[in-house]
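Beneath this line is the structure, given in structure tokens, with notes to follow.
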Amino acid sequence: MPEKSYSPQDIEVKWQSRWDASPELYRADTGADRPKYYVLEMLPYPSGKLHMGHVRNYSIGDALARYMWMRGYDVLHPMGWDSFGMPAENAALKFKKPPAEWTFSNIAAMRSQMKRMGFSYDWEREIATCTPEYYRWNQWFFLKMFERGLVYRKQSKVNWCPECATVLANEQVVDGCCWRHETTKVLLKELEQWFCKTTAYSDELLDDMKQIEAGWPERVLTMQKNWIGRSVGSEVDFGFGEQKIRVFTTRVDTIYGATCVILAPEHPLSASIVADQAQLKAMIDEQARKDPADVEKNGFFTGHYATNPFSGAQVPIWVGNFVLMGYGTGAIMAVPAHDERDFEFCTKYGIPIRAVVRPVDGTLPDPVTEPFGDYGIVENSGEFTGLPSAEARTKMNAFAEAKGFGNAAITYRLKDWGISRQRYWGTPIPMVHCPSCGLVPVPYEQLPVVLPLDVDITGAGESPLKRVPSFVNVACPKCGAAAQRETDTMDTFVDSSWYFYRYTDPQNTEAPFDPAKVAQWFPISQYIGGVEHAILHLIYSRFWTKMMRDIGLITNNEPVRNLFTQGMVIKDGTKMSKSVGNVVDPDEMIAKFGADTCRMYILFAAPPERDLDWRESSVEGLHRFIARVYRFVTRNVERTGGDVTEADRQALRKLHQTLAKITQDFDSRWHFNTSIAGLMELTNELYLLESTMSGTAMQQVLPMLVQMLAPFAPYTCEELWEELGRTGPVFRQSWPIADPELAKEDAIEVPVQVNGKLRGRVRVAIGTGKDELERLALADDKVTPWLEGKQVDKVIVVPDKLINIVVK
RNA sequence: GCCCGGGUGGCGAAAUCGGCAGACGCAACGGACUUAAAAUCCGUUAUCCUCACGGGUGUGUGGGUUCAAGUCCCACCCCGGGCACCA
């Protein structure tokens, strides 16, 4: 049969329409008792167009999903849309189109792009978070949490992005700026807000990392650990007349060296005791504008003194700009001899320095010239003198507790998650403000509180929902009196905190999901996405899981067993982004080369965890490779029979070596770049052997070649599978098993070194013994000249690997 | 400042356990096919010296361990990311 020329457009359109017509192909939970495998890629925001970051994310996941199908698993591989959020409102302003309309047309566009890429999603499980069928469960969870005190309302200083015109969670503030507007400074605004009590799970979020550390990148865990920021220490009250100033410290063993107390400028006591209020206000204002890069420490004396409860010493009370109100108690004791920051501050203002801890094996200079921050032996500390730091901490905590002026304490950097947003395009918070009953939850049977669709987006002022009387005005569910709905909507990270559970049971109208279905699939076998979600999405998701477990919905502790974070797509030295103008449109790639080429290029150019440098010229290489395979298979399809030849043995050897390699890549590191390189090597070798191979061998080689390539280039491989006269989709065939006997080399070249330098090679049967190898090496023509006049000191022989002759 | 990655040909990269550095691809060059070009197929391609045989050098820098180091150890430089007054 003559070869066919590779025409990706024809092939891909043909198979896409077949796949579309057969949703059962990708349907999970086939009822078969196959082991379950849940492969999940992070759902996109429907901006309207896939970018290369998505293509990379989904190509990795799809290769894995298809491979796992072939390995006999029942694979759940769903996709959905993180479809609430600001851009829809901005677009509404710009194009005068309702956010819903804009969003759904974007979803349609991106869905068809994904289909065009050939991703094997179970589209029957598709979800969009902006539909009432989905967000009603956000509301349901909100009510459940409200009942348990896990959501609450509180007046507080919150992060406000003027650009978004809404508040942000702490996690969404990056370097003092908005995570979506990197140059917009976040302001602090006093507002009444809804909070989710993430801190109720601080310890669990930290401690349960043990349960997932085997499957998560260390760097993500470290980031979460830092974010939670648990510090174990003590709280101690310094006396101040009738009042007390409570400080938090991790080094209570240094308390005899405390030479002043420093308050955060926002500390309530600051405002009440500072004489010069203008000075205080100036400091607070300066803090609000501060560029966190580096701010010089400064402060001023309040004119008041506090009493150290341990030593009885009177120490001055200062206000300092480096003391954070949001951490610990908002007040510190400064121990300049043993803390770098305190040292800097106290040196600047001439506050005394008193050393109270010495190194275990030495002394400190007097006066202290630099702070000594390590543990050591406590000195000059009354009855605690002579104790090692750790022991002193314990004893001092007990002492403080007994005397009633302090105790051991733990503080966290993690704060409760502010989930209120003064925006329209989000999940309405299901609460009613009644003038007589106060805050009243919407009864479950009235859910969902539907987001009205006929809303005028002006972009000005407060939440657009406030101006929709039909939404706002409501009868109080408790007393029936005229009341008003809450008009804040939920942070979109609420939507993505549990969406992967909904995939297991996406049509459920009675509950967010059937616990039995979740139990089948969870925890997620493999989650794949960008590292930028290391703390936001991934910490919220872990919190949500623990919350759902505690309300009895699920039994798993953690949502994700294995997490893979892929690298960024780089072009011209920076991340592909619209603002830099270096984006490559997947549609153009598809039009030019086809989806298979695009997918293979992105997997070939770099290992998945590393950043990928996009180079158009290399794309052609992958297109050439697929075409080469295509021609080879089509022109050899009908060759059969014939006697076994040496070429056959070589071809089968390479085939099974390649299969072993690819199987191993899938089962360990996912270095698909080397898997694809292996397929190229195999193909190159087959080209050389083609004319001398028998038809019999060809019939063994071709199907396996197609199967091995299928996870990477599904369209081409389905087409070739059909060309081969096989029935059924190629990715439902079982993955072939490499035969080590066939893969075995019968002869190898073992390099011979003299003093570590390569001087020759000996050709031997595999497994040749040490003595024989040594004999051959010492007799080799290429080697003997290097031994002349020298004395052979020793010979190192590593069978099948290398021989090194050491001479003097 | 601290914590993670990374630094290998003209380029993207490979070398999973300390054992032939540069697989595979791109680009370039040569050959075959062609009236010609494209496509395709077959080759060459780290670098320096040599007509060649062959040899020297070479994985950011400097040291070290080892028969043997891209790989391990120590010190440092550069690039990317994260954290950064967290008491």
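All values reported here derive from a predicted model rather than from experimental measurement. Side chains are part of it too, since the values below use all heavy atoms of this structure and drop only hydrogens, waters and symmetry mates. In what follows, every chain begins at residue 1, and chains take the letters A, B, ... in the order their sequences are listed.
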A/Asp780 and its side chain to side chain contact (heavy atoms under 4.5 Å, CB included) partner, picked from A/Ile803, A/Leu787, A/Ile805, A/Val762: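 Of the listed residues A/Ile803, A/Leu787, A/Ile805, A/Val762, the side chain to side chain contact (heavy atoms under 4.5 Å, CB included) partner of A/Asp780 is A/Val762.
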Given A/Asp374, A/Val357, A/Thr254, the one that forms side chain to side chain contact (heavy atoms under 4.5 Å, CB included) with A/Ser389: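 Exactly one option meets the side chain to side chain contact (heavy atoms under 4.5 Å, CB included) with A/Ser389, and it is A/Val357.
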Separation of B/rA23 P from A/Glu685 CD (nearest whole Å):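 Nearest whole value for this atom pair: 16 Å.
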In Watson-Crick or G-U wobble terms, both distances under 3.5 Å, what is the partner of [N]?
N      : value
B/rG5  : B/rC79
B/rC29 : B/rG43
B/rC67 : B/rG19

Can you tell me, in whole Å, how much space there is between the [atom1] of [N] and that of [M]?
N      : M      : atom1 : answer
B/rC85 : B/rC73 : P     : 32 Å
B/rG19 : B/rC72 : C1'   : 14 Å
B/rU50 : B/rG54 : C1'   : 8 Å
B/rU44 : B/rC24 : P     : 10 Å
B/rC33 : B/rC42 : P     : 15 Å
B/rU59 : B/rC20 : C1'   : 15 Å
B/rG6  : B/rC53 : P     : 40 Å
B/rA14 : B/rG60 : P     : 14 Å

Electrostatic pair A/Asp665-A/Lys661, nearest N-O below 4.0 angstrom: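 Between A/Lys661 and A/Asp665 there is a salt bridge, with a charged N closer than 4.0 Å to a carboxylate O.
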Check ion pair A/Lys592-A/Glu616 (N to O, under 4.0 angstrom):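 So A/Lys592 pairs with A/Glu616 through a salt bridge.
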Test of ring centre spacing under 6.0 Å for A/Phe712 and A/Phe672: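 A/Phe712 vs A/Phe672: aromatic centres under 6.0 Å.
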For the student: nearest non-hydrogen atoms of A/Gly299 and A/Met283, plus distance: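 Between these two residues, the closest heavy atoms are CA-CE, 3.7 Å.
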Nearest to the [X] side chain among [options], which nucleotide is it?
X        : options                : result
A/Arg413 : B/rG19, B/rA84, B/rG12 : B/rA84
A/Arg669 : B/rA13, B/rU40, B/rA15 : B/rA15
A/Gln753 : B/rC20, B/rC3, B/rA15  : B/rC20
A/Thr674 : B/rG12, B/rC24, B/rA14 : B/rA14
A/Asn684 : B/rU16, B/rG25, B/rG82 : B/rG25
A/Phe604 : B/rA13, B/rA87, B/rG25 : B/rG25

Donor-acceptor pair present, A/Arg219 side chain and B/rC3 base, under 3.5 Å: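 Donor-acceptor pair under 3.5 Å: no.
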A/Lys297 (side chain) and B/rC85 (base): donor-acceptor pair under 3.5 Å: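 Checked by distance alone, the answer is yes.
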Phosphate OP1/OP2 of B/rU57: any A/Lys757 side-chain N/O under 4.0 Å: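 The answer is yes; a side-chain N or O of A/Lys757 sits under 4.0 Å from OP1 or OP2.
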First encountered from the 5' end of RNA chain B, between A/Ser231 and A/Asn804: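 The 5'-side residue here is A/Asn804.
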Residue met sooner reading RNA chain B from 5', once A/Lys801 and A/Arg631 are mapped to nucleotides: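 Counting from the 5' end, the first nearest nucleotide belongs to A/Lys801.
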Pick one for [N]: is it syn, with its angle within 90° of 0, or anti?
N      : value
B/rC17 : syn
B/rG54 : anti
B/rC53 : syn

Side-chain heavy atoms of A/Val55 within contact of A/Cys598, under 4.5 Å: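 In contact.
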Sugar-phosphate, base or nothing in reach of A/Tyr687, heavy atoms under 4.0 Å: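 Sugar-phosphate only.
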Touch class at under 4.0 angstrom, heavy-atom based, for A/Asn755 against every strand present: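 Here A/Asn755 touches no strand at all.
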